[in-house]
Amino acid sequence: MCTVSWSARPGGYDLFFNRDELATRAPETPPALAQHDGVAYVAPRDGDLGGTWLLTNRHGLTLGLLNDYGATWHPSSAVPRFSRGHLVLACAALADPTAAVELVQRLPLDRTPAFHLVILAPDREAFMLHWAGVELSCDSLPPNFPSRTSSSFATAEVIAARTSRFGAYVQSPGCPALGELAAYHRQHDPNSGATSVLMRRPDAATRSITQVTVTPEMITMNYEALRWTSGGPETVAPVNLSLPRFPHASGAV
């Protein structure tokens, strides 16, 4: 249950990601700096399995994970599952979307639940991977992607409603303004339940909003955890982390 959109520009991009989660899941961990194979990256973590749904590294590579709730295939219960969030972490040191695609193809997908995975980097072709049990598909994406959303509840209805709202907030989908994307990801109607982009229903809600900004010099992740009150969502414990981009910086974190 998530929503992602972005806008590219020369040498970088801005990406927004709303993470929606069931109330029964453990609290998520805010973004922190880490390293994989000597490459620094920043990512929040899932409180149950320790994986992540969003990761950006010093190369400017970003991966965003959405579960595919419409898939009819599921891994066999006879074998241990491979976490989708750890699939994202496996790509943490890579510099190129193509390399990420190749790595994901080698992972134990037969033990991995269905997913969509956005992979993008500055001035490179972006990809959307889709795994639903048969084969891993890979589609090229335009530089300014309208939006991708997922929901475990009334999947088709929620996707249609959020897609329609994107059209209402963004006047030029081929060149969305940063403020339009920010407003879209904060769209909340207390009477709309799951169909709001910033959603809340009795058993689930949006846990956080994250903005990733990549420029030729820096990578920044701005994370806002949400607390839901009778008056609506409130931001708690915002975290803003930055990394110098390769090759502009030297040394480790």
Side-chain angles (χ1 to χ4, degrees), residues 1-6 15-32 42-56 62-71 74-75 81-89 112-118 130-132 147-163 165-166 181-182 184-212 221-239 241:
M1 300 179 286
C2 298
T3 302
V4 59
S5 59
W6 68 85
L15 177 143
F16 290 85
F17 199 106
N18 287 19
R19 188 200 185 204
D20 308 334
E21 195 51 85
L22 294 169
T24 53
R25 300 276 294 187
E28 60 194 48
T29 302
V42 58
R45 295 297 186 100
D46 171 72
D48 287 314
L49 299 176
T52 187
W53 59 97
L54 184 65
L55 180 151
T56 303
T62 293
L63 300 101
L65 177 73
L66 301 95
N67 297 345
D68 180 6
Y69 295 103
H74 302 281
R81 290 196 173 188
F82 183 71
S83 163
R84 288 170 285 207
H86 286 277
L87 177 148
V88 176
L89 290 173
T112 307
F115 63 83
H116 294 275
L117 181 66
V118 174
H130 181 213
W131 169 249
S147 183
R148 171 73 70 173
T149 192
S150 65
S151 176
S152 62
F153 172 80
T155 302
E157 176 187 347
V158 169
I159 290 175
R162 293 181 186 173
T163 301
R165 288 193 172 96
F166 185 88
L181 292 182
Y184 169 69
H185 278 263
R186 294 180 182 279
Q187 182 276 319
H188 173 66
D189 178 356
N191 298 316
S192 295
T195 63
S196 288
V197 182
L198 201 63
M199 61 80 71
R200 188 186 191 190
R201 62 178 202 255
D203 62 335
T206 302
R207 293 276 187 97
S208 60
I209 304 174
T210 306
Q211 179 182 351
V212 173
M221 182 175 285
N222 187 354
Y223 168 93
E224 298 178 43
L226 298 178
R227 174 177 59 207
W228 288 87
T229 70
S230 58
E234 296 180 352
T235 298
V236 294
V239 175
L241 295 174

Point to revise | Check: Val4 and Phe17 side chains under 4.5 Å, non-hydrogen atoms | key: yes
Point to revise | Interatomic distance, Thr195 atom OG1 to Arg201 atom CZ [nearest 0.5 angstrom] | key: 11.0 Å
Study note, to complete from the structure: All heavy atoms of Leu241 vs all of Pro31, minimum pair found to be CD1-O, 3.4 Å
**Study point:** Contact summary for Cys2 and Arg162, nearest pair of heavy atoms
**Key:** O-NH1, 4.0 Å
Review point. Are Glu224 and Arg207 within salt-bridge range, i.e. N to O under 4.0 Å?
Key: no
Review point. Strictly by modelled atom types, are Ser196 and Arg186 linked by a side-chain donor-acceptor pair under 3.5 Å?
Key: no
Review point. Does any non-hydrogen side-chain atom of Leu55 lie less than 4.5 Å from one of Thr62?
Key: no
Review point. Stepwise, does the side chain to side chain contact (heavy atoms under 4.5 Å, CB included) test hold for His188 with Met199?
Key: CA-CA 6 Å; His188 173 66; Met199 61 80 71; over 6 Å; no
Practice item. Please report the shortest heavy-atom distance between Thr112 and Trp131, naming the atom on each side. Key: O-NE1, 3.0 Å
Study note, to complete from the structure: Smallest heavy-atom separation, Met221 atom then Val212 atom, equals CE-CG2, 3.9 Å
Revision key, fill the gap. Output for pair (Thr52 OG1, Leu65 CG), nearest 0.5 Å, gives 8.5 Å
Exercise for review: Evaluate the criterion side chain to side chain contact (heavy atoms under 4.5 Å, CB included) for residue pair Arg45 and Leu89; output intermediate values, then yes/no.
Suggested key: CA-CA 10 Å; Arg45 295 297 186 100; Leu89 290 173; 3.8 Å; yes
Exercise for review: Kindly indicate whether the side chain of Tyr223, heavy atoms from C-beta on, has any atom under 4.5 Å from the side chain of Glu28.
Suggested key: yes
Exercise for review: Evaluate the side chain to side chain contact (heavy atoms under 4.5 Å, CB included) criterion for residues Phe115 and Leu66: first the C-alpha distance (whole Å), next the side-chain angles of each, then the deciding distance (0.1 Å), finally the verdict.
Suggested key: CA-CA 6 Å; Phe115 63 83; Leu66 301 95; over 6 Å; no
Review point. Between Val88 and Trp53, is any pair of side-chain heavy atoms under 4.5 Å apart?
Key: no
Study note, to complete from the structure: Between Ala194 and Val158 the two heavy atoms that sit nearest each other are O-CG1, 3.7 Å
**Study point:** Closest non-hydrogen atom pair, His86 against Gly51
**Key:** NE2-N, 3.7 Å
Check your understanding: Got Glu234 and Leu226 here, is their nearest side-chain heavy-atom distance under 4.5 Å?
Key -> no
Review point. Tell me, do Leu15 and Gln211 make a side-chain contact under 4.5 Å, heavy atoms counted?
Key: no
Point to revise | Gln187 side chain near Leu198 side chain, heavy-atom distance below 4.5 Å | key: no
**Study point:** Leu54/Leu63 under side chain to side chain contact (heavy atoms under 4.5 Å, CB included): CA gap, chis, key distance, verdict
**Key:** CA-CA 6 Å; Leu54 184 65; Leu63 300 101; over 6 Å; no
**Study point:** Salt-bridge present (Asp46, Arg19; N to O < 4.0 Å)
**Key:** yes
Practice item. Scan Asn67, Thr3, Thr206 and name whichever one has a side chain to side chain donor-acceptor pair (under 3.5 Å) with Asp20. Key: Thr206
Check your understanding: Do the side chains of Pro44 and Ser208 get nearer than 4.5 Å, heavy atoms only?
Key -> no
Exercise for review: Just say parallel, tilted or perpendicular for the rings of His116 and His130, cut-offs at 30° and 60°.
Suggested key: parallel
